[in-house]
Amino acid sequence: MLARRPATYNQHIVSRESATPTPAVDPPIVAQPHLTTDIASSQIELPVQPPAPQSVVVIDFGSQYSQLITRRVRELNVYSQLVPWDASWDSVRELNPRAIILSGGPSSVYDEGAPRLPDWVTQSGLPVLAICYGLQLLAHALGGKVERALVREYGPANVRIHAASPLFEGVGTELPVWMSHGDSVTALPDGFEPLGSSPAALYSAVRCGNIYGLQFHPEVAHTPSGSQLLANFLYKVAGLKPDWTPTHFVDEAVSQIREQVGDEARVLCALSGGVDSSVAAALLHRAIGERLICVFVDNGLLRQGEAEQVVEVFRDQQHLTLRHVDASARFLAALAGVTDPEEKRRRIGETFIRVFEHEAAQLEASVGKIEYLAQGTLYPDVIESTTAQTRSAQKIKTHHNVGGLPADLRFKLIEPLKLLFKDEVRRVGTELGLPDEIVHRQPFPGPGLAVRILGEVTQDQLDVLRACDAVVRAEIRLAGLDREVWQSFAVLTPLRTVGVMGDGRTYGNLVAVRAVTSDDAMTAGWARLPYDLLDRISTRIVNEVPEVTRVVYDVTSKPPGTIEWE
């Protein structure tokens, strides 16, 4: 929730309040090793070393809310990991699961090629919470009946609870919920009992021993009692303890890094100065000390004054071994003539790697072979790029440090934050002792200003956008809103519009201003900035940047849009 502001700001800024209450212990953080594809069995093989003494496995059937389920479990201080629906039991068992959650999904259980229920779900004897498609799949697999609903439910609904159970303790008998289904369970498998119903779904909540099914989505904020339901499942049904904390994450991650790197190898860390790479660097420094060499590449796509700030903070204040490389000419050459945003990201990703390879070769003459490259990759990057770990997700865009990596990469990657969300990374940064100006810095995309210039990237366009972006950031900061908004920036469009200044005709660029609120970048709402603040931003940009004649404000949320324009 956004911090309280004077009335003039409270009337305009709208925050996204989480339905999850603040846990009694430290906020949860999860360390999750990489997944690797078992080609022979066409299944995903999961880590062989469980990162926590107890875990909840969330099976992904393709729902847009699958990652949100994982987040909600973590927010209740229980380790959780999202796995594909066809993950093998041998690999899942190594995670030491204590409960299973089945996600929703866009399919019908009768669709050809629809995700199926793994046999091991019911054979494991573990507590199960099946949500939406997960409930329908469970009913279908165990002999129940699922049919096209006579009345579909999309959006708010009310569920009446008419049978007592641990799952519904303390939530009342009339529940406002969020539904999203076109099919419904019309006959229960043997041994199941109904717990609740809605006007359009007779079996909105069911139970068989320690297996529960819900037709609605408890993970979304639109189900007010959803957090309590999840807590009841975790604590009362599964008997889990809320003991997953940032301290636990740091200890586990440091141990995993040391095991992966060994006692002698050196690691090159791609340091951008953003919170992700900064936390990754601090974590690696704690694990391997002086064997970490940070390389800051100025790609010419940074914001105004950013390169100087990064060098000052990390070389002078954090005392890390930092190598500053000016590769701006190389990046601009790689982007020459490129207008497609996916191609931009791919070229930027490959150019970064080539620069790191060159720097590693230069360093190896004095320090020996460098095998590892560390990155601050986060979970949203992986999800939107669609990798082997998240193949149930739809590809949104290629992130330069995931899908943009070249096939002939010479380094072994270390990505200790790869399955964390941004807010979790911030808590890890605080745990590691990083200053607030780093931990709470607004996110900045790895491809930098290249994805905020629509069309070809040139030096002249970069200069224009830097000046506009500096105005946006300065005014947001002066208004005291830089911590309240998730991101705020300017976008340079290829549109040119007519204006009038000094009684004369002008013809210049159209610039868009974007400001959003978010918890984790998976979803975002456009920030309701005060009108007088928008007026100051627009006036300053048009007066101070001669190439711009018109400023517009983006009022698109995510979804349907993304936070960045490209």
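Residues Ser198 and Met179 are in side-chain contact: their nearest non-hydrogen atoms beyond the backbone lie under 4.5 Å apart. Side-chain contact between Thr122 and Leu138 is present, with heavy atoms from C-beta onward closer than 4.5 Å. At a threshold of 4.5 Å between non-hydrogen side-chain atoms, the residues Trp89 and Asp119 do not count as touching. Within the 4.5 Å cutoff, the side chain of Arg71 has heavy atoms near those of the Asp423 side chain. Residues Pro246 and Thr430 are not in side-chain contact: their nearest non-hydrogen atoms beyond the backbone lie 4.5 Å or more apart. Proximity of Val57 to Ile101: side-chain heavy atoms (C-beta onward) are nowhere separated by under 4.5 Å. In this structure, Pro218 and Ile131 have side chains that are in contact, with non-hydrogen atoms separated by less than 4.5 Å. Within the 4.5 Å cutoff, the side chain of Pro84 has no heavy atoms near those of the Asp60 side chain.
Checking Arg160 against Asn158 by side-chain atom types alone, no donor-acceptor pair falls below 3.5 Å. A donor-acceptor contact under 3.5 angstrom links the side chains of Thr247 and Glu431, judged on distance only. For the residue pair Ser488 / Gln442, a side-chain donor-acceptor distance below 3.5 Å is found, with atom types taken as modelled. If you check the side chains of Asp554 and Thr556, you find a donor sitting under 3.5 Å from an acceptor.
Atoms OH and CG, from Tyr235 and Asn77 in turn, are 6.0 Å apart once rounded to the nearest 0.5 Å. A distance of 8.0 Å separates CG in Asp251 from CZ in Arg286, rounded to the nearest 0.5 Å. Here CG of Leu129 is found 11.0 Å from CG of Asn232. Values are rounded to the nearest 0.5 Å. Distance check: Arg116 CZ to Ser107 OG gives 8.5 Å after rounding to the nearest 0.5 Å. With rounding to the nearest 0.5 angstrom, the OG atom of Ser108 is 6.0 Å from the CZ atom of Arg148. Atom CG of residue Leu432 and atom NE2 of residue His285 lie 11.5 Å apart, to the nearest 0.5 angstrom.
Considering every non-hydrogen atom in both Arg452 and Pro443, the closest pair reads NH2-O, 4.3 Å. Annotation for Leu117 and Leu137: closest pair N-CD2, 3.5 Å, computed over non-hydrogen atoms. Considering every non-hydrogen atom in both Leu417 and Phe249, the closest pair reads CD2-CZ, 4.0 Å. Considering all non-hydrogen atoms of both residues, Trp486 and Ser518 come closest at CE3-O, 3.2 Å. What you find for Ala87 and Val92 is that their closest heavy atoms are CB-CG2, 4.0 Å. When all heavy atoms of Thr562 and Arg514 are compared, the pair lying nearest together is O-NH2, 2.9 Å.
Legend: residues meeting side-chain contact (heavy atoms from CB on, under 4.5 Å) with Ala205, ordered by chain and number and at least two apart, are Phe168, Leu195, Leu214.
Checked by atom type and distance alone, the side chain of Arg477 never pairs as donor or acceptor with a backbone atom of Asp482 at under 3.5 Å. A side-chain donor-acceptor contact under 3.5 Å links Ser277 to the backbone of Ser272. Listed for the Gln54 side chain is a donor-acceptor partner under 3.5 Å among the backbone atoms of Lys241. Put simply, the side chain of Arg345 never gets that close to the backbone of Val451: no donor and acceptor are under 3.5 Å apart. Put simply, the side chain of Tyr133 gets close to the backbone of Pro115: a donor and an acceptor are under 3.5 Å apart. Gln136 places a side-chain N or O within donor-acceptor distance of the main-chain N or O of Asp183, the cut-off being under 3.5 Å. For the pair Glu424 (side chain) and Phe421 (backbone), a donor-acceptor distance under 3.5 Å is present. Of the possible donor and acceptor atoms, one in the side chain of Arg207 sits under 3.5 Å from a partner among the backbone N and O of Gly209. Listed for the Thr223 side chain is a donor-acceptor partner under 3.5 Å among the backbone atoms of His217.
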Q. Does the pair Ser55 and Arg98 meet the rule for a side-chain contact (heavy atoms from CB on, under 4.5 Å), with working shown?
A. CA-CA 6 Å; Ser55 67; Arg98 289 294 178 265; over 6 Å; no

Q: Report the C-alpha separation of Ser165 and Tyr212 in whole Å, then their side-chain angles, then the decisive distance to 0.1 Å, and conclude whether the side-chain contact (heavy atoms from CB on, under 4.5 Å) test is met.
A: CA-CA 10 Å; Ser165 72; Tyr212 288 82; 3.9 Å; yes

Q) Does the pair Glu219 and Ser103 meet the rule for a side-chain contact (heavy atoms from CB on, under 4.5 Å), with working shown? A) CA-CA 10 Å; Glu219 69 273 22; Ser103 84; over 6 Å; no

**Q.** Worked verdict on Lys422 versus Asp276 for salt bridge (charged side-chain N to carboxylate O under 4.0 Å, His left out)
**A.** CA-CA 8 Å; Lys422 179 76 74 173; Asp276 309 334; 2.8 Å; yes

Q) Can you check side-chain contact (heavy atoms from CB on, under 4.5 Å) on Leu533 and Ile476, steps first, answer last? A) CA-CA 8 Å; Leu533 173 57; Ile476 292 286; 4.0 Å; yes

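The environment of CG in Asp111 is crowded: more than 12 heavy-atom neighbours from other residues, nucleotides or ligands sit within 6.0 Å.
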